[in-house]
Structure formats: structure tokens, C-alpha cells
Amino acid sequence: MALGPVPSDLKKHIITEILPSLPNQLHEAIRAALATNRVRRMPSSFLPPASQTNKRGVILLVDAWNMRHPLTGGGMTVALSDVYILSQHLDKINDLLLSSARF
């Protein structure tokens with residue numbers, strides 16, 4: 001899904017476009033938070049992965065390889081995925097000390 005530009009009046013956008021889709025129990029708290037005028041934007045910019053070289057004994061996972069913005073919540077998803085994939089590769093190696101496996 002492609003996102004458009006950030007609305008110029010973010011507070012108004014939250015009240016008119018987002019708030020109606022949320023449960024009524026949250027409306028009062030959200031309106032109170034918006035009344036403080038502390039609405040901030042935190043852009044999630046694209047950060048391409050760093051170029052990697054094969055270095056014996058080094059495995060890069062999660063943010064060391066593929067950084068995510070903290071507010072997107074993607075970090076834990078990437079972490080769990082990385083650990084699962086790594087475990088699948090490690091499971092194929094009988095003896096890690098004797099192995100020269102590359103993945």
C-alpha cells in the first residue's frame with residue numbers, strides 16, 4: 001500500500017479521518033492528548049541494508065542488517081524472522097566447531 005504525503009494539519013486529520021474508525025472508549029483520551037498540541041511527525045525513511053562481506057564467524061541479525069523505525073513495530077517481527085531462519089540453517093550443521101558451512 002502506497003502512502004500519500006503527511007497531511008498538513010495532522011491533528012485535524014486524526015480527528016476527522018482516524019478517530020471515527022476507533023472504538024468510542026478511546027475518543028476522549030485521544031481528544032485530550034490532541035488538546036496538548038504535542039502532535040509530532042516521525043518519518044520512517046528508507047534505510048538500505050549496508051553492503052556486507054563474508055567475514056568468518058560473524059552473523060548479522062535484525063537492526064545490524066535491516067534497520068526499522070522504532071514506531072513501526074517491525075523490529076521484533078524482523079528479529080523473530082531472523083532467529084527462525086538462522087535456526088533452520090544451524091539445525092543442518094552437526095558440529096558447529098568443525099563446520100565450515102556458509103549460509
Check: Where the side chain of His27 meets the backbone of Leu22, is there a donor-acceptor pair that is under 3.5 Å apart?
Finding: yes
Next item on the list: Kindly write out the residues that satisfy side chain to side chain contact (heavy atoms under 4.5 Å, CB included) with Lys12, not counting sequence neighbours, or none if the list is empty.
Entry: Asp9, Thr16
Checklist line | Contact summary for Lys11 and Ala35, nearest pair of heavy atoms | finding: NZ-CA, 4.4 Å
Next item on the list: Please say whether more than 12 non-hydrogen atoms of neighbouring residues, nucleotides or ligands are located less than 6.0 Å from CD in Glu28.
Entry: no
Notebook entry, point to check: Say you draw a straight line from CD1 of Ile14 to CG of Leu19; how long is it, rounded to the nearest 0.5 Å?
Noted result: 9.0 Å
Checklist line | Hydrophobic cluster identity match, Tyr84 and Leu80, side-chain contacts under 4.5 Å | finding: no
Check: Shared ILVMFWY cluster between Ile15 and Leu10, side chains joined below 4.5 angstrom?
Finding: yes
